[in-house]
Amino acid sequence: MAAPVPRLRFAPSPTGYLHVGGARTALFNWLYVKKFGGQFLLRIEDTDKARSTDESTRAIFDGLEWLGLLWDEEVVYQGANAERNRDDAYRMLANGTAYRCFCAQAELAERRAAAEASKDSFKYDRRCDRLAPSEVERRVAAGEPFTLRFRVPDGTTSWDDLVHSEIAFPNKDIEDFIILRADGTPIYNMAVVSDDIFMRITLVMRGDDHISNTPKQILLYRALGEPLPRFAHLPMIHGLDGKKLSKRHGATAVGDYQHLGILPGAMLNFLALLGWSPGHDIEVMTLPRMVELFDPAGLQKKAAIFDPKKLEWMNGQHLSLVPSADLAAIVTPALEAAGFTTAADLASRPDWYLALLDLLKVRARTIDDIVRQAGPFFLDEISYDADAVAKQWKDRPATAELLAAVRDALAPLSPWEPAAMEEALRMLAERFGFGEKAGRIFQPLRVALTGLGVSPGIFDVLLMLGRERAILRLDAAIARLGDSPGA
RNA sequence: GGCGGUAUCGUCUAGGGGACUAGGACACGGCCCUCUCAAGGCUGGAACACGGGUUCGAAUCCCGUUACCGCUACCA
């Protein structure tokens, strides 16, 4: 049998935001398609009108687009397929694999409650399947409402799961489940199967919370006489406490991480490692590299715990990896939002901007870190960090004197370049009797230049600031030191 | 309760009978580099859930126990 072209789908319900677990499911579906060829499709499961919102649908699109997980065909809205879903359900009624059930919802709930009270597990007793055909006809004619139930056959339903290998369910444990509501709308399993058939899905890859839906769905395919897709059930993602990831664990929406300054590539890389391993101790990967290395054999069976610390580390790795020219596209809006500069300003001095990014990105873990450290390079008026001032400007008169000497040593430098600066400042250190400990100049100078205790190397700071601005900063610092001792 | 799934350092994982004194990464500690902070290098502590088998030999195979997770709706 010739292998069909893989067609996979990601099928979220639009009831919240794009959850990191959903994003990871989408990623593995996408990786599979990119690795082996085929199509990655998106289906919005909006049949629960009460909970589905357009806003959530929008959030799913936004999240996937941000991650770069683009779908290959037009989005399918499950709600639009209700009619075809119903036709499929009626096909089963016609071919005898389903039957009408006239049991009232309230009555069913009562029987279920009674069974549970006596510690029995409830299973529909098929009473409506035993109704005489004439009786059924009479009740239908009388306009009695009914649902359609699937008649579960004897035997065992099993499949070869792509991640779990063989999984089997005795059919006796599956009740005759409803496939069509009294109002004619399909139940989840019916809609999924009907749509997956229609979309010609060849591999259903989803969270393993769907494992127990799978035998029911397989039975439906068979009843409909349709070929089975393959199934792959991915493990769940849990929070740090081992419980299912939820709001109280902090950020769980993909959009949250976007706003926290995480790079999409880092997010994808981190998510990929949660439930999959390429082996060979490989960890940091770009998306194309992940496609190259992807192999379903590396898929994990065990639920993974989401560790935000490792995500941050991963982001730092990607920050260093991404060319500054690419990074600029993401950092520029953030810099503008912080009120530091404008895109036009940055565009007017691209070399300087890229050099600045080169300096900042290696010591940042998030985009926010970069923005924070970038302040002194844009603002006219810097703010001074109290701790840094207290530590590096202890003896105020002596520091003022030192900084004045630094200013005088640097001001005449020509050209304005690091080697000359270093020579001048090291000579100054000798003169002040600091010997090899030039840090005694660099540190107070750093505070004067940036207001901070940490920054890129001092000569890089001087270079990026430019002579004029550096001298201005020094003057401001000297003046400040001369003022009230309160800093 | 029933059914199903899972089980290697705190966390993510490598491992698919001998190469295991169980490897890597995050986090944590130490050292080096060094003008600060990162980055980088070196380094320390830290795991095969338990009990039975199978086998000359088991982290790896089988069974049981335990724990955790999921499903158990005219939700998805």
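Reminder, nothing fancy here: chain letters follow the sequence lines and each chain counts from 1. Values reported hereafter were calculated over all heavy atoms of this structure, with side chains retained and with hydrogens, waters and symmetry mates removed.
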K.L.:
What contact category does A:Glu283 fall into here, base, sugar-phosphate, or nothing, at under 4.0 angstrom with non-hydrogen atoms?
P.N.:
base

K.L.:
Applying a 4.0 Å non-hydrogen cut-off, can you work out what A:Gly275 is touching in the nucleic acid: base, sugar-phosphate, or nothing?
P.N.:
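Counting heavy atoms under 4.0 Å across all strands, the contact made by A:Gly275 is with sugar-phosphate only.
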
K.L.:
Describe the nucleic acid contact of A:Thr147 in one word from base, sugar-phosphate, nothing, applying a heavy-atom distance below 4.0 Å.
P.N.:
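Counting heavy atoms under 4.0 Å across all strands, the contact made by A:Thr147 includes a base.
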
K.L.:
Measure NZ/A:Lys172 against P/B:U72 and give the value in whole Å, please.
P.N.:
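Rounded to the whole Å, the gap is 19 Å.
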
K.L.:
Find the partner of B:G17: check Watson-Crick (N1-N3 plus N6-O4 or O6-N4) and G-U wobble (N1-O2, O6-N3) distances, both under 3.5 Å, and reply none if neither fits.
P.N.:
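Across all strands, not a single nucleotide pairs with B:G17.
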
K.L.:
Considering only atom P, compute the distance from B:U54 to B:G15 and round it to an integer number of Å.
P.N.:
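These two P atoms come out 29 Å apart once rounded.
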
K.L.:
Which nucleotide, if any, forms a Watson-Crick or G-U wobble pair with B:A46, using both distances under 3.5 Å?
P.N.:
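Base partner found: none.
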
K.L.:
Just to confirm, is there a sub-4.0 Å distance from OP1 or OP2 of B:A76 to any side-chain nitrogen or oxygen of A:Arg206?
P.N.:
no

K.L.:
Should A:His164 be listed as having a side-chain N or O under 4.0 Å from OP1 or OP2 of B:U6?
P.N.:
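True: A:His164 side-chain N/O within range (under 4.0 Å) of B:U6 OP1/OP2.
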
K.L.:
Looking at A:Phe432, I'd like to know if the NZ or CZ of A:Arg440 sits under 6.0 Å from its six-membered ring centre while staying within 45 degrees of the ring's axis.
P.N.:
no

K.L.:
Output the rounded distance in Å from CD1 (A:Ile211) to C1' (B:G4).
P.N.:
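Atom-to-atom, A:Ile211 to B:G4, this comes out as 7 Å.
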
K.L.:
Exactly one of A:Arg126, A:Arg149, A:Arg151 should register a side chain to side chain donor-acceptor pair (under 3.5 Å) with A:Asp176. Which one does?
P.N.:
A:Arg126

K.L.:
What is the separation between atom CG on A:Leu449 and atom P on B:C35, rounded to the nearest whole Å?
P.N.:
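Taking CG of A:Leu449 and P of B:C35, I get 17 Å after rounding.
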
K.L.:
Touch check for A:Arg365, heavy atoms < 4.0 angstrom, all strands: base, sugar-phosphate only, or nothing?
P.N.:
sugar-phosphate

K.L.:
Across the strands shown, which category fits A:Ser455 at heavy-atom distances under 4.0 angstrom: base, sugar-phosphate, nothing?
P.N.:
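Base, at least one base heavy atom under 4.0 Å.
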
K.L.:
Which part of the nucleic acid, if any, lies within reach of A:Arg372 when heavy atoms closer than 4.0 Å are counted: base, sugar-phosphate only, or nothing?
P.N.:
nothing

K.L.:
Using a cut-off of 4.0 Å on non-hydrogen atoms, how would the nucleic acid contact of A:His238 be classed: base, sugar-phosphate, or nothing?
P.N.:
sugar-phosphate

K.L.:
Could you please name the option among B:G5, B:U36, B:G70 that lies closest to any side-chain atom of A:Asp209?
P.N.:
B:G70

K.L.:
Taking any strand in view, what nucleotide pairs with B:G1 in a Watson-Crick or G-U wobble way, both distances under 3.5 Å?
P.N.:
B:U72

K.L.:
Rounded to the nearest Å, what distance is computed from the CG atom of residue A:Asn213 to the C1' atom of nucleotide B:A76?
P.N.:
9 Å

K.L.:
Just to confirm, is there a sub-4.0 Å distance from OP1 or OP2 of B:G40 to any side-chain nitrogen or oxygen of A:Gln317?
P.N.:
yes

K.L.:
Nearest to the side chain of A:Gln78, heavy atoms from C-beta on, is which of B:U11, B:A76, B:C74?
P.N.:
B:A76

K.L.:
Under 4.0 angstrom, heavy atoms only, what part of the nucleic acid is A:Thr15 near: base, sugar-phosphate, or nothing?
P.N.:
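If one applies the 4.0 Å heavy-atom cut-off, A:Thr15 turns out to touch nothing in the nucleic acid.
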
K.L.:
For A:Ala191, report the nucleic acid contact type (base, sugar-phosphate, nothing); a contact means any heavy atom under 4.0 Å.
P.N.:
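Result for A:Ala191 = nothing.
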
K.L.:
Mind checking the C1' distance from B:G10 to B:C31? Whole angstroms is fine.
P.N.:
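Approximately 24 Å lies between the C1' atom of B:G10 and that of B:C31.
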
K.L.:
Within a radius of less than 6.0 Å around CD of A:Glu401, do more than 12 heavy atoms belonging to other residues, nucleotides or ligands occur?
P.N.:
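At most 12 heavy atoms, drawn from other residues, nucleotides or ligands, come within 6.0 Å of this atom.
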
K.L.:
Would you confirm whether A:Thr450, through its side chain, and A:Leu452, through its main-chain N or O, come within 3.5 Å as a donor-acceptor pair?
P.N.:
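Such a contact is found between A:Thr450 side chain and A:Leu452 backbone.
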
K.L.:
Taking only the P atom of each, what is the distance from B:A47 to B:A22 in whole angstrom?
P.N.:
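Per the computed distance, 10 Å lies between those P atoms.
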
K.L.:
With a non-hydrogen cut-off below 4.0 angstrom, is A:Pro456 in contact with a base, only sugar-phosphate, or nothing?
P.N.:
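Touches a base.
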
K.L.:
Is there a Watson-Crick or G-U wobble partner for B:U34 with both distances under 3.5 Å, and which nucleotide is it?
P.N.:
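WC or wobble partner does not exist here.
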
K.L.:
Taking atom C1' in both B:A7 and B:G64, compute the distance separating them and give it to the nearest angstrom.
P.N.:
15 Å

K.L.:
Send over the distance from A:Leu311 CG to B:U11 P, rounded to a whole Å.
P.N.:
18 Å

K.L.:
Is the distance between the ring centroids of A:Trp313 and A:Phe270 less than 6.0 Å?
P.N.:
no

K.L.:
Watson-Crick or G-U wobble partner for B:U54, using a 3.5 Å limit on both distances?
P.N.:
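Base partner found: none.
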
K.L.:
In whole Å, measure the gap between the P atoms of B:C48 and B:U11 for me.
P.N.:
12 Å

K.L.:
Taking for each residue the nucleotide of RNA chain B with the nearest heavy atom, is it A:Ala304 or A:Ile458 whose nucleotide lies nearer the 5' end?
P.N.:
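First, find each residue's nearest nucleotide; the 5'-ward one identifies A:Ala304.
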
K.L.:
Tell me: CZ of A:Phe306 to P of B:A27, nearest whole Å?
P.N.:
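It works out to 15 Å between those atoms.
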
K.L.:
Using atom C1' in both nucleotides, what's the gap between B:C33 and B:G16 to the nearest angstrom?
P.N.:
42 Å

K.L.:
Strictly below 4.0 Å: does A:Arg112 bring a side-chain N or O up to OP1 or OP2 of B:A73?
P.N.:
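Yes, because at least one side-chain N or O of A:Arg112 sits under 4.0 Å from OP1 or OP2 of B:A73.
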
K.L.:
Kindly determine whether A:Lys394 and A:Thr399 satisfy side chain to side chain donor-acceptor pair (under 3.5 Å), including the steps that lead there.
P.N.:
CA-CA 8 Å; A:Lys394 262 201 162 74; A:Thr399 305; over 6 Å; no

K.L.:
Rounded to the nearest Å, what distance is computed from the CG atom of residue A:Leu319 to the C1' atom of nucleotide B:C37?
P.N.:
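Answer to the nearest Å: 15 Å.
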
K.L.:
Please state whether the phosphate of B:U36, meaning OP1 or OP2, lies under 4.0 angstrom from any side-chain nitrogen or oxygen of A:Arg363.
P.N.:
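Indeed not, no polar side-chain atom of A:Arg363 lies that close.
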
K.L.:
Tell me which nucleotide, if any, is Watson-Crick or G-U wobble paired with B:U11 when both distances must be under 3.5 Å.
P.N.:
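B:U11 is paired, partner B:A25.
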
K.L.:
Mark yes or no for a side-chain to base donor-acceptor pair under 3.5 Å between A:Lys310 and B:A27, with no hydrogen or angle criteria applied.
P.N.:
no

K.L.:
Quick one: sort the A:Phe442 and A:Phe459 rings into parallel, tilted or perpendicular, breaks at 30° and 60°.
P.N.:
perpendicular

K.L.:
Report the C-alpha distance between A:Asp46 and A:Arg51 in whole Å, list the side-chain angles of each, state the deciding distance to 0.1 Å, and finish with yes or no for salt bridge (Lys or Arg N to Asp or Glu O under 4.0 Å).
P.N.:
CA-CA 8 Å; A:Asp46 56 353; A:Arg51 289 195 297 160; over 6 Å; no

K.L.:
Looking at every strand, decide which applies to A:Tyr188 at a 4.0 Å heavy-atom threshold: base, sugar-phosphate, or nothing.
P.N.:
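The answer is base, as A:Tyr188 lies within the cut-off (heavy atoms under 4.0 Å) of a base atom.
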
K.L.:
Taking the P atom in each of B:A38 and B:G52, what is the distance between them to the nearest angstrom?
P.N.:
50 Å

K.L.:
For B:G23, does the base pair up with any side-chain atom of A:Asp281 as donor and acceptor (N or O, under 3.5 Å, distance only)?
P.N.:
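Yes, a donor-acceptor pair under 3.5 Å.
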
K.L.:
Would you mind classifying the nucleic acid contact of A:Gln300 as base, sugar-phosphate or nothing, using non-hydrogen atoms under 4.0 angstrom?
P.N.:
sugar-phosphate

K.L.:
Could you tell me whether A:His210 and A:Tyr188 have their ring centroids closer than 6.0 angstrom?
P.N.:
yes

K.L.:
Using atom NZ of A:Lys301 as one end and atom C1' of B:U8 as the other, report the distance to the nearest whole Å.
P.N.:
14 Å

K.L.:
Write down the distance separating the C1' atoms in B:C42 and B:G4, rounded off to the nearest Å.
P.N.:
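That atom pair is separated by 48 Å.
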
K.L.:
Check whether any side-chain N or O of A:Ser212 sits under 4.0 Å from OP1 or OP2 of B:C3, and answer yes or no.
P.N.:
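Answer no for this pair, as no side-chain N or O of A:Ser212 is under 4.0 Å from OP1 or OP2.
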
K.L.:
Partner lookup for B:U60, please. Criteria are Watson-Crick or G-U wobble with both distances under 3.5 angstrom; report none if nothing qualifies.
P.N.:
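Answer to the pairing question: none, since B:U60 forms no Watson-Crick or G-U pair.
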
K.L.:
Between A:Ile178 and A:Glu166, which residue's closest nucleotide on RNA chain B lies nearer the 5′ terminus?
P.N.:
A:Glu166

